[in-house]
Structures are given as C-alpha cells and as structure tokens.
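Here is the structure we will look at, set down as structure tokens.
Each ligand, and each atom within it, is numbered from 1 in the order the structure gives.
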Amino acid sequence: MAGYINETKDFLSSLDGKGAWWTKRYSPGDEVPVSGIYRCVICKKEVTSNKKDPFPPQNHHQHASSAKIRWQLVIRADTDNEWKKGS
Ligand SMILES: [Zn+2]
C-alpha cells in the first residue's frame, strides 16, 4: 500500500475521479495513461509508471494462481500541474 508521512500528507489531493484511468484496469505492455503509482489488483504489488511508457511485462512477477497481472491506478502524480484541467 502506498504510504506517506505526516509531513507529506498535505501534498495529496482528493480528485473527482472523472478520468477513465481511475476505473480502467491495465494489462502488461499497455501504454501508461498517466504517471503515478499503480498496484496489481491480484497481489497488491505496486509499481511507479510514467505516462506513455508500457506497463511492466507479464513476467514482472508471478501469482500463485494463473491470474494475469492487472494494474490499477492508486496515486496519480501531478507532473504538469494538471489538477485545474480536470483529474
Ligand atoms: Zn500481482
């Protein structure tokens, strides 16, 4: 689970969640829609990924089951002061 300390919690903003990236789940190799922290919905492992890069490949990590990796956005990085343009 992504973490913060008391000093940095004020750097997090609650957003409206209108961006499709909040509800969509991504597969290995998909293009990263927005920079941030993503977690695998199966095992909760997290990665940081940059916009327009591919998500880590299927062999990034293994699951005990045969379930495939699915990435979910957890924390979006405000790399371009975008919050005023929508989230
Ligand atoms: Zn996983």
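- Rounded to the nearest 0.5 angstrom, E46 CD and C43 SG are separated by 10.0 Å.
- When all heavy atoms of W22 and G17 are compared, the closest pair comes out as CD1-CA, 3.5 Å.
- Remark: K44 NZ is packed, more than 12 non-hydrogen atoms of other residues, nucleotides or ligands lying under 6.0 Å away.
- Listed by chain and residue number, the protein N/O/S atoms under 2.8 Å of the Zn ion (ligand 1) are C40 SG, C43 SG, H61 NE2, H63 NE2, with waters left out.
- Looking at N50, its side chain never comes within 3.5 Å of a backbone N or O of D53 through a donor-acceptor pair.
- Applying the side-chain hydrogen bond (donor to acceptor under 3.5 Å, both in side chains) test to pairs two or more places apart or on separate chains, those with a residue in residues 24-38 are S27-R70.
- A donor-acceptor pair under 3.5 Å is absent between the side-chain atoms of S13 and the main chain of L15, judged by distance alone.
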